[in-house]
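Throughout, residue positions are numbered sequentially from 1 according to the sequence presented. Only this structure's heavy atoms are used, side chains among them; waters, hydrogens and symmetry mates stay out. Model, not experiment: these values are computed from the prediction.
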Amino acid sequence: MKHQPGGRSYVPRLFASIGKLWSAQETLNVRNVRLSHVQYFLAFPLAMIFVNTQEHLFVNQAGLFGLSGGSVAFIGYCLGAALLFAFAHTGNLSKLSKSASVLALIGFALWLVLPGGTLGHLCAFLFMFGAGGCMSSGTFSFCYIQNNAERFWGSAAVVFFQGLAFANAGGDFLPSALMKAFLFAVVAGMIVCAFACRTESFYEVEKRPRSKIVPAVWLMFFLFMAYFYIEFIISPFSAFQGSAALLWRGLFTAATVFLCVLVQILLKRSLWTLWNLSFI
C-alpha cells in the first residue's frame, strides 16, 4: 500500500476522517431553517410536490392533437422549466421568476373558469408553462440560497409526499375533491414563493470564490444521472402496476423518509441521514 507523506497510510487516515465526521457539529437541525428565507425554503419542495401529483388536476381531460390533456400540460411545464433554466442568471432571475408566477396564476385562473376544449387546453398549457418556470426558480434557490438544513427538510418533504401520493393512488384514501383542494393550496404557495424571489438574495452568490471541481463531484454526478435515467425508464411502468403495488410502494417510501427524519432528530448525525435519504 502506498504511504502518504508523514508516514500515515490511507486506511488510518480513512478511519480518522470517519471519526471526525461522526463527531462533527450538527448542521441539519430544524432550528437552522431560516424564517427570513421561507420563500426560498418552500419554493423547490412545493414545485416538486406539485409536479409529482399534478395528474390529479388533469384527470379525464379531453385530448388535443392526439395527446391527452395531461400530456399537453406537461409539455408546457417542461418548456417553461427549460427556458427559464437556460436564460436565467443572477441579474434577471427575480424578474423571470415573477413573470413565471404571473403566467402560472393567469393560466390557472382561466383554466378553472373556462370550459374544456382548445381554449381550456391552451390555458392549462400556459399555467404549466409558468409552473415549470417556478420550478426552475426554486431549483436555483435550492442550490444557491438554502443551507444544508433547508435542503434536507425540503427534500424529505418532497419524497414523503410523493410516497403518500403513490399510496393514495393505490388505496384511494382521499376523495378527489380533497386531493384537488390540496393541490390548489400547493399551487398557491408555489406561485407566492416564486413571486417573492428577490434579486439581492443572489448577490452573495457572485461574491463566492469559484471552487475547483474535485474528482468526488464526478462520482456524485454519475450517481445522480444514473438515478435519473433509471427513474425515467421505470416511471411509466407505474401505470401498469396494480393498486396493491402502488399502495405498498408509497407506504414504504413514506416510512423510509419518516425513519430518516427520526434518525436525524434522535441521533443528530447528519452524515448517515444524508446518505440514506440520497438513495431512496
Side-chain angles (χ1 to χ4, degrees), residues 27-54 57 76-112 126-162 164-165 180-208 257 261 264 270 274 277:
T27 61
L28 301 186
N29 195 299
V30 69
R31 290 194 297 267
N32 292 330
V33 175
R34 298 164 295 178
L35 293 180
S36 60
H37 287 63
V38 67
Q39 71 270 35
Y40 302 116
F41 169 58
L42 294 176
F44 182 74
L46 289 175
M48 292 302 297
I49 290 171
F50 167 71
V51 75
N52 287 331
T53 54
Q54 50 83 28
L57 286 179
Y77 178 87
C78 294
L79 286 175
L83 288 175
L84 190 142
F85 189 82
F87 295 103
H89 53 76
T90 54
N92 68 1
L93 182 58
S94 177
K95 293 180 180 179
L96 291 179
S97 182
K98 285 179 169 58
S99 299
S101 65
V102 170
L103 290 177
L105 178 60
I106 294 174
F108 188 62
L110 292 176
W111 176 75
L112 287 176
L126 178 65
F127 159 54
M128 291 295 282
F129 182 88
C134 293
M135 191 279 294
S136 282
S137 172
T139 303
F140 281 103
S141 300
F142 183 88
C143 294
Y144 298 112
I145 300 296
Q146 295 184 22
N147 59 36
N148 287 335
E150 291 160 346
R151 294 187 185 104
F152 170 77
W153 291 101
S155 299
V158 170
V159 183
F160 181 76
F161 279 103
Q162 185 178 18
L164 292 184
K180 286 186 177 180
F182 169 75
L183 283 174
F184 287 174
V186 171
V187 168
M190 176 184 68
I191 290 174
V192 170
C193 289
F195 192 82
C197 179
R198 302 190 304 268
T199 302
E200 55 268 22
S201 299
F202 292 88
Y203 285 162
E204 292 298 323
V205 176
E206 295 183 336
K207 298 178 182 179
R208 296 174 187 172
V257 177
V261 170
Q264 169 62 33
S270 304
L274 276 175
L277 191 61

Could you check if a side-chain atom of Q39 sits within less than 4.5 angstrom of a side-chain atom of R198, using non-hydrogen atoms only? yes

Show me the pairs that pass ring-ring contact (aromatic ring centres under 6.0 Å, His included) and involve residues 76-109, at least two apart or across chains. F74-Y77, F85-F140, F108-F127, F108-F184

Rounded to the nearest 0.5 Å, what separates atom CG in L42 from atom CD in E150? 9.5 Å

Give me the atom names and distance for the closest heavy-atom approach of A156 to V261. CB-CG2, 4.1 Å

Could you give the distance from NZ (K95) to OG (S97), rounded to the nearest 0.5 Å? 13.5 Å

4.5 Å side-chain heavy-atom contact, Y40 and C197: yes

I would like to know whether F41 and L35 meet side-chain contact (heavy atoms from CB on, under 4.5 Å); could you show each step before the answer? CA-CA 9 Å; F41 169 58; L35 293 180; over 6 Å; no

For R34 and Q146, the nearest pair of non-hydrogen atoms, with its separation, is NH2-CA, 3.7 Å

For residues C134 and M190, report the shortest heavy-atom separation together with the two atoms involved. CB-CG, 3.9 Å

If every non-hydrogen atom of V158 is compared with every non-hydrogen atom of P45, which pair is closest and at what distance? CG2-CA, 3.5 Å

Spatial distance of atom CZ (F44) from atom OG (S155) [nearest 0.5 Å]: 6.5 Å

Heavy-atom check, side chain of M128 versus side chain of F50, under 4.5 Å: yes

Does any non-hydrogen side-chain atom of L84 lie less than 4.5 Å from one of L93? yes

Heavy-atom check, side chain of I145 versus side chain of H37, under 4.5 Å: yes

Check for a donor-acceptor pair, side chain of N147 on one end and backbone N or O of N32 on the other, with a separation under 3.5 Å. yes

Rounded distance (nearest 0.5 Å) linking atom SG of C78 with atom CG of L83: 11.0 Å

For residues L126 and I106, report the shortest heavy-atom separation together with the two atoms involved. CD2-CG2, 4.3 Å

Smallest heavy-atom separation, A81 atom then S136 atom, equals O-OG, 2.6 Å

Roughly how far, to the nearest 0.5 Å, is the CZ atom of F182 from the CD1 atom of I49? 5.5 Å

Please determine whether the number of non-hydrogen atoms from other residues, nucleotides or ligands lying under 6.0 Å from atom CZ of F142 exceeds 12. yes

